[in-house]
**Student:** 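Below are the structure tokens for one structure; questions will follow.
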Amino acid sequence: MFRFCSILLCCLVTLPALAGPDGVVHVIDGDTIDVGRGDDRVRVRLHGIDAPEGDQSCGGAGVPMWACGDWVTRTVRDRYEGQRARCDATGTDRYGRTIATCKVAGKDIGRSLVQTGLAFAYRQYSMDYDLDEKIAAVSDAGLHATGVQSPAAFRAAGRAGRAAVNAASAPPGCPIKGNISKHGHIYHMPGQGWYDATRISPDKGEGWFCSEDEARGAGWRRARR
């Protein structure tokens, strides 16, 4: 079954649970690990959790800002780097990473991270760790003890900021984005799924159009979403 979603979310292709991958853990960030040995590694996005981005800061409302994303990554690395994990894959995300529940010494990594306040239940995709997060929040575990924006909200704010900066460079009355990608010359209309995330680089031959007729006449095709 395919589940489609907006660009603000990591779209998944849901599969029956499959054994593997298994192997040594190499921590990428708070919710992403490589599992395997040497060049034979599988990039795994841990099922059902969402951890702060590596460059994310926490604080505010009277709490000093601090590099919570970096702290989470280092803490997860201290716990699991070099440990052996056994995973059950449930699908892939839009970046090609395997979605899996992984265990070290029989304990679910994702559940442990949520219980200790290093990650949040990713309720958009799973309610498996909903109660674990609520208990962690009540006890002020980890990130819950200080001001923290959800990773999803942090990513959305970053995208909105970049989109605003990009849109400010559009000529008046010409909001259509002409982007060049591996799929060819594609134009994006305001309100389409990839519009906000698309940035225009004139030095690469990209540009703005004032109408769809102008874009098509220049040899560009409309984005499918």
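The analysis underlying the following values was restricted to heavy atoms, covering all of them including side chains, and did not include hydrogens, waters or symmetry mates.
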**Student:** Could you pull out the closest heavy-atom pair between V25 and A85, with the gap in Å?
**Tutor:** CG2-CB, 3.5 Å

**Student:** Could you measure the distance from the CH2 atom of W66 to the CG atom of L143? Nearest 0.5 Å is fine.
**Tutor:** 5.0 Å

**Student:** R79 versus S112: any side-chain heavy-atom pair under 4.5 Å?
**Tutor:** yes

**Student:** Can you get from V42 to I33 by hopping between Ile, Leu, Val, Met, Phe, Trp and Tyr side chains that sit under 4.5 Å apart?
**Tutor:** yes

**Student:** Indicate the atoms forming the closest heavy-atom contact of T73 with G30, along with that distance.
**Tutor:** OG1-N, 3.8 Å

**Student:** Report yes or no: does T32 contribute a side-chain atom to a donor-acceptor pair with the main-chain N or O of I28 at less than 3.5 Å?
**Tutor:** no

**Student:** In Å, rounded to the nearest 0.5 Å, how long is the span from CD of Q124 to CG of D50?
**Tutor:** 11.0 Å

**Student:** So does K204 get a backbone contact from the side chain of S201, meaning a donor-acceptor N/O pair under 3.5 Å?
**Tutor:** no

**Student:** Nearest heavy-atom pair of S57 and C68: which atoms, and what distance?
**Tutor:** C-SG, 3.6 Å

**Student:** Within a strict 4.5 Å, meaning less than it, do heavy atoms of the M65 and C58 side chains meet?
**Tutor:** no

**Student:** Under the salt bridge (charged side-chain N to carboxylate O under 4.0 Å, His left out) rule, what pairs show up with a residue in residues 20-35, not counting sequence neighbours?
**Tutor:** D22-R86, D31-R45, D34-R43

**Student:** Salt-bridged, E206 to R199, with N to O below 4.0 Å?
**Tutor:** no

**Student:** Might you point out which heavy atoms bring S126 and G48 nearest each other, and give the distance in Å?
**Tutor:** CB-CA, 4.0 Å

**Student:** Check whether the ring centres of H26 and Y80 lie less than 6.0 Å apart, and answer yes or no.
**Tutor:** no

**Student:** In the structure I gave you, are the side-chain heavy atoms of W71 and P52 within less than 4.5 Å of one another anywhere?
**Tutor:** no

**Student:** Measure across A136 and G117 and return the closest heavy-atom pair with its distance rounded to 0.1 Å.
**Tutor:** CB-N, 4.5 Å

**Student:** Members other than I180 in its cluster, when Ile, Leu, Val, Met, Phe, Trp, Tyr link by side-chain heavy atoms under 4.5 Å?
**Tutor:** I176, Y187, M189, F209, W220

**Student:** Is there a path of hydrophobic side-chain contacts, each under 4.5 Å between heavy atoms of I/L/V/M/F/W/Y residues, joining V44 to V24?
**Tutor:** no

**Student:** Under the criterion side chain to side chain contact (heavy atoms under 4.5 Å, CB included), which of I99, I109, D108 is the partner of L46?
**Tutor:** I109

**Student:** Would a single hydrophobic cluster contain both L131 and Y122, if residues Ile, Leu, Val, Met, Phe, Trp and Tyr are joined by side-chain heavy-atom contacts under 4.5 Å?
**Tutor:** no

**Student:** Which of these, T101, D128, D132, T116, sits in a side-chain hydrogen bond (donor to acceptor under 3.5 Å, both in side chains) with R111?
**Tutor:** D132

**Student:** Give, for atom CD of Q192 and atom NZ of K177, the distance between the pair rounded to the nearest 0.5 Å.
**Tutor:** 11.0 Å

**Student:** With a sphere of 6.0 Å drawn around CG of D39, does it hold more than 12 non-hydrogen atoms of other residues, nucleotides or ligands?
**Tutor:** no

**Student:** Which pair of heavy atoms, one from I49 and one from A119, lies closest together, and at what distance?
**Tutor:** CD1-CB, 4.0 Å

**Student:** Can a salt bridge be assigned to the pair D70 and R74 using a cut-off of 4.0 Å between side-chain N and carboxylate O?
**Tutor:** yes

**Student:** Does any non-hydrogen side-chain atom of F120 lie less than 4.5 Å from one of H144?
**Tutor:** yes

**Student:** Any side-chain heavy atom of R216 within less than 4.5 Å of one from R222?
**Tutor:** no

**Student:** Could you state the interatomic distance from SG (C102) to CZ (R84), rounded to the nearest 0.5 Å?
**Tutor:** 12.0 Å

**Student:** R41 side chain to V35 main-chain N or O, any donor-acceptor pair under 3.5 Å?
**Tutor:** no

